[in-house]
There are 2 protein chains.
Amino acid sequence: MSIAPVRSVSSVPPAPPRGRPRPPSGNAVTPTRTSRTTTSKPTTLRQVARAADVSMATVSRVLAGNYPVAPRTRQRVLRAVQELDYVANTHARALRGHATPTVALVLPDLRDEAVARIAQGVEEEATRNGRSCLIGTTRGDPERERTVLRGMRQNGAGAVILIGGGAQDPVHQEELATIAGSLAAAGSRLVFCGRPAPDDATPATVVEYDNEGGAYAVVSRLLVQGHRRILFLGPATGSTTAAGRLAGYRRALADFDLPFRPELVVGGGLGRADARDRLARRLVGGSDFTAVFAVTDNAASGALAALREVGLSVPDDVSLVGYGDAECATDLLPQLTTVHVPYVELGRTAVRLALGLTEGSVSAADQRALLGTHVVLRDSTAPPPRRRPT
Amino acid sequence: MSIAPVRSVSSVPPAPPRGRPRPPSGNAVTPTRTSRTTTSKPTTLRQVARAADVSMATVSRVLAGNYPVAPRTRQRVLRAVQELDYVANTHARALRGHATPTVALVLPDLRDEAVARIAQGVEEEATRNGRSCLIGTTRGDPERERTVLRGMRQNGAGAVILIGGGAQDPVHQEELATIAGSLAAAGSRLVFCGRPAPDDATPATVVEYDNEGGAYAVVSRLLVQGHRRILFLGPATGSTTAAGRLAGYRRALADFDLPFRPELVVGGGLGRADARDRLARRLVGGSDFTAVFAVTDNAASGALAALREVGLSVPDDVSLVGYGDAECATDLLPQLTTVHVPYVELGRTAVRLALGLTEGSVSAADQRALLGTHVVLRDSTAPPPRRRPT
DNA sequence: CTGTTAGCGCCTTCAG
DNA sequence: CTGAAGGCGCTAACAG
C-alpha cells in the first residue's frame with residue numbers, strides 16, 4: 001500500500017567502462033575486451049600483463065610498489081591497468097595470505113540509536129585500520145545470532161563484534177563461548193560490546209561502559225537536590241542493562257541512608273510506550289514521588305508525556321532523568337538531564353582491543369575495557385516542590 | 001575526559017576450541033592439532049581429509065551434499081569436521097567461483113536515522129538472499145566515497161548501494177558514472193538509493209521515494225484546513241531533498257491558486273538547531289503565518305521549541321508539519337503530523353533490483369523504482385485561529 | 001630489473 | 001562411489 005513502483009525506465013545494457021577518453025593505446029596489445037555486452041567477469045592480472053607485454057609478476061610489483069621496476073615498464077603497466085580498468089581481486093589476495101582480515105559486526109537492529117552509534121564507531125575504527133567491515137543483523141534471535149556468527153567465521157573475520165540485546169539463556173551463552181573459542185583458535189577474537197559475556201574462562205574480549213556508575217551518579221544528583229522519593233521507571237529484572245541501572249539507583253539510595261522501597265519500582269520495558277502507560281497507571285492515585293529515574297531516554301520521553309497528561313510539570317512538580325543521552329533527550333521540553341554513554345567510543349575500543357592495537361597499553365593482552373559514563377545536566381531537574389503535589 | 005579505561009582483567013591466553021566434551025575419536029587419525037597455544041591458522045579441507053582418511057574431494061562432496069557418498073564415509077567425514085571445527089574458507093570458495101557475491105553498502109554516517117533505516121532494509125534483504133553485507137562510511141566526503149567504492153569493487157561486490165548525502169559536484173557525479181560503468185561491466189550494479197543519480201546514460205540503478213509528492217500532500221492538508229500563509233522552514237537550495245520538498249510546497253500552493261511568497265521561505269539547514277534559530281529570529285517581529293512546513297522532523301522539533309519560546313501554542317496558534325516520520329515525531333508534544341518515507345523498503349528494493357530479483361516484474365531490466373510516501377496525521381495541525389496571533 | 005615457478009584452499013571434471 | 005589433477009587470481013621466492 002505504501003509501496004508503488006511507478007516509473008520503469010531505460011533498460012540500459014551494461015555499457016563498457018567509461019574511463020576518460022581512452023588515450024591512444026601506445027604499443028599495447030589489442031585491448032581484447034573493448035566492448036562487451038555480456039555480463040563479463042572482471043579484468044585479471046594476466047590480461048593486464050598481456051596488454052602491457054610483461055609478466056604477471058611485474059604487474060603485481062608495479063601495483064604493490066614495493067619493488068624496483070623500470071620507469072618505462074611501469075608506465076606501460078599503469079596505462080594498461082587504466083585502460084582495462086583493472087582492480088585486484090580481494091579473494092585471491094586473501095587466499096594468498098595478503099589481505100587484512102575484515103571486522104565483522106553482529107547486531108540486533110540498526111535502527112536502534114545506541115546500536116547505530118556503536119556500529120559507527122566500529123566502522124570508523126575498522127577503516128582507519130584498513131579493514132573492511134562486514135555486518136549482520138539478528139533481530140535479537142539467538143539462533144540467527146549463531147548462524148550469523150558462523151557465517152562471519154567462514155568469512156575469515158579478524159574480529160567479530162557482538163553488540164546489543166544479549167540473551168540471558170545459559171545454553172546460548174555456552175554456544176557463544178564455544179564460538180569464541182573457535183575464533184580465538186583461528187587467531188580471531190569475539191568481542192562482547194556493551195553486553196554481558198560468558199564466564200571468565202572464555203577467550204573473549206569484553207568492552208563495557210560503567211552502567212551502574214552512571215545510574216549512581218544521576219540518582220545521587222537527585223538526592224543532593226533534596227529528592228527523597230524517586231521512582232525507578234523500568235524493569236527490575238530481565239535485562240542486564242536495566243538491572244545494572246537499578247543497582248546504581250539502590251547504591252545511591254544506600255549512600256544517603258535511605259531505604260530501598262520496592263513500591264517505587266514501576267517496572268515495564270525499556271521503550272517509550274510502555275513507560276508512558278505504566279507511569280500513567282501509577283499516576284491515577286496521585287503521585288507519591290518527586291522525581292523519576294527513567295531507565296532509558298525513551299522511557300523518560302514516555303514519562304514526560306504521562307506527567308503532562310495529568311498536569312504535572314517537569315521540573316517544577318516532578319524532576320525527571322533518563323539514561324543514554326539519546327538524541328531525543330534534547331528534543332524534549334524541557335531538555336532531559338541524562339547519563340551520557342560513550343557508544344561510539346565503545347565501538348572504536350572494541351576494534352582496537354580485538355585487533356591488538358591498544359596503543360600505549362603495556363600488556364597487549366588487555367582484553368577487557370570499561371569506559372566511563374557521566375551525567376549531562378540539562379533542564380529536567382529541580383529541587384522538589386515544598387508541598388508534595390497531589 | 002569522558003573515556004576512562006578502568007579495569008584491565010584476565011590476560012586470557014587463546015584457549016583451544018571448547019567443543020562439546022570431545023567424543024571418543026573413533027578410528028580417526030591422530031587429531032594432529034588438539035591443543036595449540038599459538039595463534040594458528042584455521043583448519044583446512046586437507047586436514048579434515050587426512051583426519052577422516054579420505055580424499056579432499058570426498059570431504060568437499062559431503063559438505064556440499066550434492067553428490068552421493070557412502071553413509072559410513074559421510075559419518076567419518078562429518079565427525080572429523082566437527083572435531084576439527086572446520087569451516088570452509090570463503091575466499092577460496094569465491095576464487096573458485098562458487099561464492100555468492102556480497103552486497104556493499106556505502107553511506108555517510110550510520111547515526112542518521114534515515115540512513116540507518118535504509119541500511120537495515122538493505123541488510124535484511126541481503127541476508128534473505130544469502131548474501132553478506134559489507135559496509136563503509138564516508139562522512140559525506142566525496143573523495144572518501146570514491147575510495148570506499150573502489151574498495152567495494154575490489155571486494156567483488158555483487159551490488160553496491162549508495163545512500164545519503166549526494167554531493168552536487170558535477171565532477172564527482174562524473175566519477176560516479178565511471179564507477180557505475182566499471183561495476184556494470186563486471187556484472188555488478190551501482191545503486192543510487194534515495195539520492196540523485198548521474199545522467200540517464202549511466203548504467204546505474206535508481207531507487208527513490210516520492211519526495212515531492214509527500215510535500216505536496218502535507219501542504220495540501222494544511223491548505224485544506226484553511227491555512228493560507230505557510231512558512232517553508234528549510235533551505236531553498238543546496239540539497240536535492242530540500243529542493244524537492246520545496247517544489248511540492250509550491251505545487252500545492254499553485255493548485256490552490258495561491259501565489260508563492262519568497263518571504264515565507266525561511267532558509268536554514270536540515271537540522272534541529274538551525275531551524276530553531278532561524279525561526280526564532282523570524283519570530284521577533286511577530287508571526288505572519290499560521291502554519292509551518294518544516295523540511296525535516298528534526299527541523300520541526302526545532303520549530304516547536306522556537307514557537308514555545310515566544311508563547312505560541314501548537315496547534316492552537318500555529319500548525320506544524322514535518323517530513324520523514326522520524327522517531328522524534330512521536331516524542332514531541334503534540335505528536336507531529338509528518339510524511340512517512342518508506343526507508344526500510346527503499347533499502348530492500350535497492351537490493352532486489354540490483355540483484356535482479358524483482359519478482360513479479362515483467363522485464364528484469366527495471367532498474368528504476370519510485371516508492372510512495374504518505375501523510376501521517378497526528379496532533380500538530382488544526383485550522384488556523386480566527387485572529388492572526390501577534 | 002624481469003620472468004618463471006609454486007602454491008594459498010577449494011571445487012569439479014575425468015578416471016578409476 | 002571415490003581419488004587424482006587442474007586451475008580460479010594473485011604474490012613470493014628463486015633464478016636469470
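We name chains A, B, ... by the order of the sequence lines, and we start the count at 1 in each one. All values below come from the heavy atoms of this structure, side chains included, with hydrogens, waters and symmetry mates left out.
The two residues B:Thr43 and B:Asp85 come nearest to each other via the heavy atoms OG1-O, 4.4 Å.
Looking at which nucleotide of DNA chain D each of B:Ala70 and A:His91 is closest to, the 5′-most match is held by B:Ala70. Residue A:Leu63 is the one, among A:Leu63 and A:Tyr67, whose nearest nucleotide of DNA chain D lies closer to the 5' end (criterion: closest heavy atom).
Nearest to the side chain of A:Val54, among D:dC1, D:dT2, C:dG3, sits C:dG3. Distances were taken from every side-chain heavy atom of B:Met56 (C-beta onward) to each of D:dC10, C:dC10, D:dA4; the shortest belongs to C:dC10. If you check D:dC8, C:dC10, D:dG3 against the side chain of B:Leu95, the one that comes closest is D:dC8. Minimum atom distance to the side chain of B:Arg61 is reached by D:dG3, of the listed D:dG3, D:dC10, C:dC11. Listed nucleotides: D:dC14, D:dT11, D:dG3. Nearest to the side chain of B:Thr58: D:dG3.
Here the P atom of nucleotide C:dT2 and the CZ atom of A:Arg72 are 10 Å apart, to the nearest Å. Rounded to whole Å, the distance from CG on A:Leu84 to C1' on D:dG9 is 15 Å.
Among the protein residues, A:Ala88 comes within range of the sugar-phosphate backbone only, with heavy atoms under 4.0 Å from sugar or phosphate atoms but none that close to a base. Contact annotation for A:Ala57: base contact, defined as any heavy-atom pair under 4.0 Å involving a base atom. Within the nucleic acid shown, A:Ala64 has no heavy atom closer than 4.0 Å to any nucleic acid atom. Using a 4.0 Å heavy-atom cutoff across all strands shown, A:Leu45 reaches at least one base atom of the nucleic acid.
For D:dG9, the base has no donor-acceptor partner in the side chain of B:Arg96 [N/O atoms by modelled type, under 3.5 angstrom].
OP1 or OP2 of C:dC10 lies within a sub-4.0 Å distance of a side-chain N or O belonging to B:Tyr86.
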